[in-house]
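To start, the structure itself, in C-alpha cells.
Values reported hereafter were calculated over all heavy atoms of this structure, with side chains retained and with hydrogens, waters and symmetry mates removed. Chain letters run A, B, ... following the sequence lines, proteins first, then strands; residues in each count from 1.
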There are 2 protein chains.
Amino acid sequence: MPVVTETRVDFWQAHGINPDNCPVRQVLDHVSAKWPVLILMVLGGGPRRFNELLRALPDISKRMLTQSLRNLERDGIVRREVFDTKPPSVSYSLTELGQGFLPRVLALADWAETSMPRILAARDAYDRG
Amino acid sequence: MPVVTETRVDFWQAHGINPDNCPVRQVLDHVSAKWPVLILMVLGGGPRRFNELLRALPDISKRMLTQSLRNLERDGIVRREVFDTKPPSVSYSLTELGQGFLPRVLALADWAETSMPRILAARDAYDRG
DNA sequence: CGGAATCCCCGGCGATACTG
DNA sequence: CAGTATCGCCGGGGATTCCG
C-alpha cells in the first residue's frame, strides 16, 4: 500500500509542494466541496441543461451551480456546450476525464454508505465516552 | 453506473436528506478537509505518536492536527491509545475501518496524479480562452 | 509530551436583484 | 434560459499562549 514515507515528504518539501498548492489536493477538493459530487452524479445519467441541473439539485442556488460547473469545466471534468437557439440553451456533460473520475468518487461514496452503520456506531461511542 | 435518478432525489427529499446533513457527505468531508488525507497516508505506514505526525506534516499546527485526529477518531477511522508513561505518550493508528477507507482515497489520489497532465492542460486552455 | 483555550481574519456560501 | 453582480454572515483554520 502506498504510504507517505520520509523520502516522499522530503520530495514534497524540495519541490515546494504543500497542502495549499498541491495539484492533487486541488482535484480532491472537487470531492469535498459541497455540490460538485452531486452534480457529477446527475451528469452521470447523461447531459443536462442548466435549469435541469437546477431542478435536480433541490437546494442549490444558481450562483453555486454556476460556480461549481465552472470549476469542474476548468479541470476538464465537465464539458459546456452552448447552442445558439432562442431562448439560448446550454448543455453540460461529463468529459472522458470526468467519466474516469466519477466511478472512483462513487467507489468512495459507496464505501461510506456500506460502512455507515459502523461509522455511526463509532460516533455514538465517541460521543458517549 | 450508479446515477442520481429522479426517484433517488425524491427519496432524499422524502427523508429530509440534504447536502448539509447527508452522512455520506460527512465522510467525504474527510477527503476534502485540508489535512486528514495526509494524516491517513502517514498512518498507512504504521502507528505514529503525536509529535511524529507533527514532524511528518511540515506545515500543520498542533491545533489542526489535534482537531483532524479527533474527527477521524470519532468516525472510527483512527484509533487513539494513551500510554501512561513519563513523559506521556499517545499512539495513533488506522482502525480496520480506516484500512478500508485509505485505499479508496489513494485510488482517487492516484487517479488525480496520473491524470494531472490532462487536468493542467484543461486548466491552461480554460484560462487562456 | 500532548494537548486546550483564546483571538482574529479571510473566504465560502446563501440571499437578493439585475441582464442579454 | 442561463447566467452576473453585490452584500453580508458565519465558521474554518492559523497564530499564539497556557496547562497537567
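- Summarising the geometry of A:Y126 relative to B:R70, their closest heavy-atom pair is OH-CD, 3.2 Å, with the distance given to 0.1 Å.
- Rounded to an integer number of Å, the gap from CZ of A:R48 to P of D:dG3 is 16 Å.
- Among the protein residues, A:F83 comes within range of no part of the nucleic acid, since none of its heavy atoms lies under 4.0 Å from any strand.
- Between B:Q67 atom CD and D:dG14 atom C1' there is a gap of 11 Å when expressed in whole angstrom units.
- One finds a side-chain N or O of A:W35 lying less than 4.0 angstrom from the OP1 or OP2 phosphate oxygen of C:dG14.
- The B:R80 side chain lies nearest to C:dG3 when the options are C:dG3, D:dT4, D:dC1.
- When the C1' atom of C:dG3 is taken as reference, atom CE of B:M64 falls 14 Å away, rounded to whole Å.
- In terms of phosphate contacts, A:K34 brings a side-chain nitrogen or oxygen within less than 4.0 Å of OP1 or OP2 of C:dG14.
- With respect to the salt-bridge test (charged N to carboxylate O, under 4.0 angstrom), the residues B:R128 and B:D124 qualify.
- The nearest whole Å value for the distance from the CD1 atom in B:I39 to the P atom in D:dG13 is 11 Å.
- Looking only at atom types and distance, the side chain of B:Y92 has a donor-acceptor partner in the side chain of B:R80 under 3.5 Å away.
- A donor and an acceptor atom, one from each side chain of B:H30 and B:N71, are nowhere located under 3.5 Å apart.
- Going from atom NZ of B:K62 over to atom C1' of C:dA5 covers 13 Å, rounded to whole Å.
- To the nearest angstrom, C1' of D:dT16 lies 17 Å from CD1 of B:I60.
- Map A:A33 and B:T66 each onto its nearest nucleotide of DNA chain C; the residue landing nearer the 5' end is B:T66.
- Taking atom CG of A:D29 as the reference point, atom P of C:dG11 lies 15 Å away to the nearest angstrom.
- Within the 4.5 Å cutoff, the side chain of B:V24 has no heavy atoms near those of the B:V27 side chain.
- Nucleic acid contact class of B:R49 (heavy atoms, under 4.0 Å, all strands): sugar-phosphate only.
- Note on A:Y92: every side-chain N or O is 4.0 Å or more away from OP1 and OP2 of D:dC1.
- Between D:dG13, C:dG14, D:dA2, one nucleotide has an atom nearer to the side chain of B:R63 than all others, and that is D:dG13.
- The listed nucleotides are D:dG3, C:dC1, D:dC1; the one nearest the side chain of A:R70 is D:dG3.
- Both A:P88 and A:S61 lie near DNA chain C, and the one whose nearest nucleotide falls closer to the 5' end is A:S61.
- Separating the CG atom of B:N71 from the P atom of D:dG13 is a distance of 9 Å, rounded to the nearest angstrom.
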